[in-house]
Each structure stands twice: as C-alpha cells, then as structure tokens.
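Notes for the one structure printed next.
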Protein chains: 2
Amino acid sequence: MREILAKIGDKWSILTIMMLSGGTRRFSELQRGIEGISQRMLTLTLRGLERDGLVTREVFPTIPPRVEYTLTPLGRSLQQPVIALGQWVVANLPEIDTARRRFDAAAEDRGGN
Amino acid sequence: MREILAKIGDKWSILTIMMLSGGTRRFSELQRGIEGISQRMLTLTLRGLERDGLVTREVFPTIPPRVEYTLTPLGRSLQQPVIALGQWVVANLPEIDTARRRFDAAAEDRGGN
DNA sequence: CAGTATCCCGTTAGATACTG
DNA sequence: CAGTATCTAACGGGATACTG
C-alpha cells in the first residue's frame with residue numbers, strides 16, 4: 001500500500017492523470033501540457049501508469065510516429081480522487097503560502113539558521 | 001503547484017494525515033501507527049505539515065515530555081481528498097497487482113531482461 | 001518521550017546526445 | 001515524433017548516537 005500510494009501520489013502521475021482526464025493525448029501534447037516535465041520523466045511516468053493498468057498506449061506506425069495515451073476504466077475511476085486533490089491544491093495554494101511565510105518568519109525570530 | 005503536489009502527494013504525508021484524521025495523536029502513537037516510518041522521517045514530515053499550516057504542534061512541558069499533533073481546519077479540509085485517494089488504493093490494489101503481473105509477463109515475453 | 005545531529009548510500013531526476 | 005541511453009548532481013531516507 002505504501003508503494004502504491006507513493007506511485008499514485010507522485011506529482012508527475014497526478015499531473016499526467018489530470019491531463020488525460022481531458023481525453024486521449026499524444027506524447028508531445030502531454031509534455032507541453034505538463035509544465036516542467038522532462039521527456040525522460042514523462043516516459044517513465046507513462047510506463048508506470050501503463051504497468052499499473054491505468055493507461056493504455058496505442059502506437060500508430062505512421063511517419064512521423066504517433067502514440068496516443070488514454071485512461072483505462074480503472075484509470076478513469078481514479079479521476080475523481082485525483083482531480084479533487086488537484087483542485088484542493090489550487091484552491092488552497094494562497095493559504096499554504098501564507099502559512100509558510102508565517103512559519104519561516106517565526107523560525108527566523110527564534111534564531112533561524 | 002508542482003511543489004505543493006509533490007509535498008501533499010508524498011507517501012509519508014498522506015499516511016500521516018490519514019492517521020491524524022482519527023483525531024489528535026502523540027509523536028510515538030504516529031510512529032507506531034505509520035508502518036515503516038523512521039523517527040527522522042516522521043519529524044521531517046510533521047515539520048513540513050506544520051509549516052504548510054496543515055497541522056498544529058502542542059508541547060506539554062511535563063516529564064516525560066509529551067507532544068500532540070492535530071489537524072488544523074486547513075488540514076481537515078484536505079482529509080476528504082486524501083482519504084478518498086487512500087480508499088481508492090485499498091479498493092483497487094488487487095486489480096493493480098493483476099495488471100502489473102500481466103504487464104511484466106508481457107515484457108518478459110518480448111525478451112525482457 | 002520526543003526529538004536533534006551525523007554519516008552515508010541508493011535512488012531519482014535533470015541535462016544531453018542519439019535513433020527507429 | 002517518440003522515444004532510449006548515459007552521466008551526474010541532488011535528494012531521500014535508513015542507521016546510529018546523543019540530549020533536554
């Protein structure tokens with residue numbers, strides 16, 4: 001369970017699932033949509049999701065090549081929780097930021113590093 | 001947002017929040033409840049959650065010392081999404097496991113190392 | 001009890017270069 | 001386009017020892 005949570009909860013996995021919630025996407029679309037992800041990490045993330053049965057990978061042998069990723073039914077069942085989490089983060093980002101500044105300022109006062 | 005997700009999505013944070021969903025807990029209770037966490041990681045995780053305003057830390061200057069951790073309102077607002085995620089994992093663990101074995105077996109066939 | 005302080009190693013992720 | 005391969009710096013996290 002720890003291991004599954006670590007994988008599902010992984011930031012790249014969450015962002016990828018959020019992207020795929022909008023429907024089938026190509027590799028390059030995902031990379032453009034997920035800010036900051038490297039080619040390597042996108043590949044590894046997609047392989048992991050595929051392995052866990054959350055995503056299917058379909059290759060079109062055209063030139064140039066084209067690969068499409070789609071959520072499986074299992075993957076879609078994960079949408080609700082994951083999107084809820086994502087929305088929570090977006091909604092509460094300002095409050096977290098404030099809390100951090102307060103915490104850091106207090107640490108500073110106590111003789112911060 | 002990436003950074004917040006990375007922190008929230010962290011396995012220890014999720015498990016800690018799940019533990020604290022049951023109410024206020026002492027340091028040692030948390031350590032016993034979260035299987036596999038080290039003293040160091042529990043301390044670091046709690047500091048992070050405290051910094052982000054999700055958890056409060058209350059020290060009782062008794063002998064022996066006693067420290068209690070409680071979810072803040074912000075932390076409690078995170079309960080729903082986090083617990084939903086945890087429940088999804090528990091509910092779908094078998095299916096994920098099956099998918100993995102299938103995937104690994106297929107890789108094996110294709111000459112997987 | 002509830003930490004803090006070190007040491008240290010394995011994994012991870014970013015950058016870069018190459019390919020079917 | 002959609003990867004794979006390789007190298008390396010950074011980080012995570014365990015073990016251990018010490019303390020208010």
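Per chain, numbering begins at 1; letters A, B, ... match sequence-line order.
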Return all side-chain donor-acceptor pairs below 3.5 angstrom for residues 23-31 of chain A, not counting sequence neighbours, or 'none' if the list is empty.
residue : atom : partner : partner atom : Å
A:T24   : OG1  : A:T70   : OG1          : 2.9
A:E29   : OE1  : A:R26   : N            : 2.6

Mind checking what makes salt bridge (charged side-chain N to carboxylate O under 4.0 Å, His left out) contact with [X], not counting sequence neighbours?
X      : value
A:R102 : none
B:E35  : none
B:R57  : none

Bracket notation of DNA chain C in which parentheses pair within the strand, [ ] cross earlier pairs, and | pairs with another strand (Watson-Crick or G-U, under 3.5 Å): ||||||||||||||||||||
Rounded to the nearest angstrom, tell me the gap between atom [atom1] in [X] and atom [atom2] in [N].
X     : N      : atom1 : atom2 : result
A:E50 : D:dG3  : CD    : C1'   : 13 Å
A:R47 : D:dG3  : CZ    : C1'   : 8 Å
A:K7  : C:dT11 : NZ    : C1'   : 14 Å

Candidates D:dG3, D:dC1, C:dG3 - which lies nearest the side chain of B:Y69: C:dG3
Residues which pass side chain to side chain contact (heavy atoms under 4.5 Å, CB included) with B:F103, listed by chain and number, not counting sequence neighbours: A:E50, A:R51
Atom CD of B:Q80: over 12 foreign heavy atoms under 6.0 Å: no
Just list the side-chain donor-acceptor pairs under 3.5 Å for residues 85-95 of chain B, sequence neighbours left out, or say none.
residue : atom : partner : partner atom : Å
B:W88   : NE1  : A:S77   : O            : 3.4
B:W88   : NE1  : A:S77   : OG           : 2.9
B:N92   : ND2  : B:W88   : O            : 2.8

Results of side chain to side chain donor-acceptor pair (under 3.5 Å) for A:E68 - residues two or more places apart only: A:R66
Under 4.0 angstrom between B:R57 side-chain N/O and C:dA2 OP1 or OP2: no
Residue-level proximity of residues 21-35 of chain B to DNA chain C when a heavy atom falls under 4.0 Å: B:R26, B:F27, B:S28
A:V67 vs A:E58 side-chain heavy atoms within contact, under 4.5 Å: no
Under 4.0 Å protein heavy-atom contact, by nucleotide of nucleotides 13-20 of chain C - B base, S sugar-phosphate only: BBB----B
Residue pairs passing the side chain to side chain donor-acceptor pair (under 3.5 Å) test where at least one lies in residues 7-23 of chain B, sequence neighbours excluded: B:D10-B:S13
For a quick test of your reading: what N or O donor-acceptor pairs under 3.5 Å do the side chains of residues 36-44 of chain A make, sequence neighbours left out?
residue : atom : partner : partner atom : Å
A:S38   : OG   : A:M41   : N            : 3.1
A:T43   : OG1  : A:Q39   : O            : 3.0

